[in-house]
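For reference, the structure discussed in these notes is given below.
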Amino acid sequence: MRVLVVEDDENLRIAITGSLRAAGFAVDPVGDLPAADEALMVNSYDCAVFDRMLPSGDSLHYIRVRRPPVPVLFLTARDTVADRIAGLEHGDDYLVKPFAVEEMEARVRRLCRRVSSGLPPVLRCGDLEVDGGRHEVRRAGVLLTVTAKEFDVLRLLVARQRTPVGRAELIKEVWDPLVDPTSNVLDVVINQLRRKLRHPPMIHTVRGFGYRIDPT
């Protein structure tokens, strides 16, 4: 599994790279966003680890604009609730410094497993197309703008189309096993997806269980 590490602090970059390599990952370490951009254009990665604040800019803004087709783990000293929400909204995981390298390795491995889950690169449901390689969603040929979490929820629903997917499973697969299944984070994403997919509606609530998606 190949990982991109973007960290401007040389000592921390060396430590993260050494830890991940010792854990069996192939690692490409870079120190700024232009180098990360170049690496993402020429290589395929199973996961990318970004320091949140870099001299070349805020990596969260970069991910939001660039939308690279790879799961992203943010590393940051910013630990306010707003920062965490923004990181989870536009990335896939968020780890506050200082952190244990063992936890970082576990989170990277989890994100890499998501990529190699065995799903076809392009999933279709009626006029909806979810492209896992390009990280793109289209309905009736129109490209939709979705966040990382919206994409992951939609991809799982489409992979199980016509079959209900439980709330607990969706939260475990897309967020974190420790997130409370009664949390409203999933409901927010579902409402956003319904708005973006427009009519006719495709995502249906299965009362007391979860959600399912049906082609129209």
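We number each residue from 1, following the sequence as shown.
Counting only N and O atoms by type, the side chains of Arg66 and Ser59 include no donor and acceptor under 3.5 Å apart.
At a threshold of 4.5 Å between non-hydrogen side-chain atoms, the residues Glu136 and Arg138 count as touching. Within the 4.5 Å cutoff, side-chain heavy atoms of Asp58 are placed close to those of Arg52. For the pair Glu103 and Leu95, the minimum side-chain heavy-atom distance is below 4.5 Å. Residues Val137 and Arg155 form no side-chain contact, since every pair of their non-hydrogen atoms from C-beta on lies 4.5 Å or further apart. Between Val49 and Leu4 the shortest side-chain heavy-atom distance does not fall below 4.5 Å. Side-chain contact between Leu156 and Leu170 is present, with heavy atoms from C-beta onward closer than 4.5 Å.
Heavy-atom minimum distance, Arg109 versus Phe25: NH2-CE1, 3.5 Å. The minimum heavy-atom distance between Phe151 and Asp131, with the atom names listed, is CZ-O, 3.4 Å. The heavy-atom pair separating Pro215 from Arg162 by the smallest distance is CG-NH2, 3.2 Å. Heavy-atom minimum distance, Pro29 versus Val27: CD-O, 3.5 Å. Summarising the geometry of Pro71 relative to Asp92, their closest heavy-atom pair is CA-OD2, 3.2 Å, with the distance given to 0.1 Å. Of all heavy-atom pairs spanning Ala48 and Val70, the tightest one is N-CG2, 3.8 Å.
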Which is it for Glu169 and Arg160 under the side chain to side chain contact (heavy atoms under 4.5 Å, CB included) test, yes or no, and what are the steps along the way? CA-CA 12 Å; Glu169 181 180 358; Arg160 307 272 192 87; 2.3 Å; yes
With salt bridge (Lys or Arg N to Asp or Glu O under 4.0 Å) as the criterion, how do Asp93 and Arg107 come out once you've worked through the C-alpha distance, each side chain's angles and the decisive distance to 0.1 Å? CA-CA 8 Å; Asp93 206 348; Arg107 289 174 182 263; 2.6 Å; yes
Stepwise side chain to side chain contact (heavy atoms under 4.5 Å, CB included) test for Gln192 and Val146: CA-CA 9 Å; Gln192 291 171 337; Val146 297; over 6 Å; no
Val153/Leu186 under side chain to side chain contact (heavy atoms under 4.5 Å, CB included): CA gap, chis, key distance, verdict: CA-CA 8 Å; Val153 168; Leu186 177 58; 4.2 Å; yes
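Tyr62 meets the ring pair (Phe, Tyr, Trp, His ring centres under 6.0 Å) test with Phe50; sequence neighbours excluded. With sequence neighbours left out, Arg198 forms a side-chain hydrogen bond (donor to acceptor under 3.5 Å, both in side chains) with no residue at all. Annotation: side-chain hydrogen bond (donor to acceptor under 3.5 Å, both in side chains) contacts of Gln161 (sequence neighbours excluded): none. In this view, Ser19 and Glu105 satisfy the side-chain hydrogen bond (donor to acceptor under 3.5 Å, both in side chains) rule, not counting sequence neighbours. With sequence neighbours left out, Thr163 forms a side-chain hydrogen bond (donor to acceptor under 3.5 Å, both in side chains) with no residue at all.
Residue Tyr45 is grouped with residue Leu54 when hydrophobic side chains (ILVMFWY) are merged at heavy-atom distances under 4.5 angstrom, including chains of intermediate members. Hydrophobic cluster membership is shared by Ile171 and Ile203, with clusters built from Ile, Leu, Val, Met, Phe, Trp and Tyr side chains linked at under 4.5 angstrom. Hydrophobic clustering, with ILVMFWY side chains joined whenever heavy atoms are under 4.5 angstrom apart, groups Val5 together with Phe99. The same ILVMFWY cluster, assembled from side-chain heavy atoms under 4.5 Å apart, contains both Val96 and Val6. Cluster annotation: Met53 is not connected to Leu60 through the hydrophobic network of ILVMFWY side chains, with a link wherever side-chain heavy atoms come within less than 4.5 Å.
A 6.0 Å sphere centred on NE2 of His204 holds more than 12 heavy atoms belonging to other residues, nucleotides or ligands.
A donor-acceptor pair under 3.5 Å is absent between the side-chain atoms of Asp214 and the main chain of Met202, judged by distance alone. Side chain of Lys149 to backbone of Val189: no donor-acceptor contact under 3.5 angstrom is found. Under a 3.5 Å cut-off, the side chain of Asp37 and the backbone N or O of Leu33 do not form any donor-acceptor pair.
Salt-bridge check for Arg139 with Asp127: passed, with a basic side-chain N closer than 4.0 Å to an acidic carboxylate O. Here Glu150 does not pair with Arg195 in a salt bridge; the nearest charged N to carboxylate O distance is not below 4.0 Å.
With Val3 as reference, Leu20 is the one residue of Leu20, Leu111, Asp28 to meet the side chain to side chain contact (heavy atoms under 4.5 Å, CB included) rule. Residue Leu154 forms a side chain to side chain contact (heavy atoms under 4.5 Å, CB included) with just one option from Leu123, Ile190, Leu128, and that option is Leu128. Of the residues listed (Leu157, Leu193, Val165), the one engaging Ile213 in a side chain to side chain contact (heavy atoms under 4.5 Å, CB included) is Leu157, and it is the only one.
Pairs passing the side-chain hydrogen bond (donor to acceptor under 3.5 Å, both in side chains) check and including a residue from residues 5-16, sequence neighbours excluded, read Glu7-Lys97.
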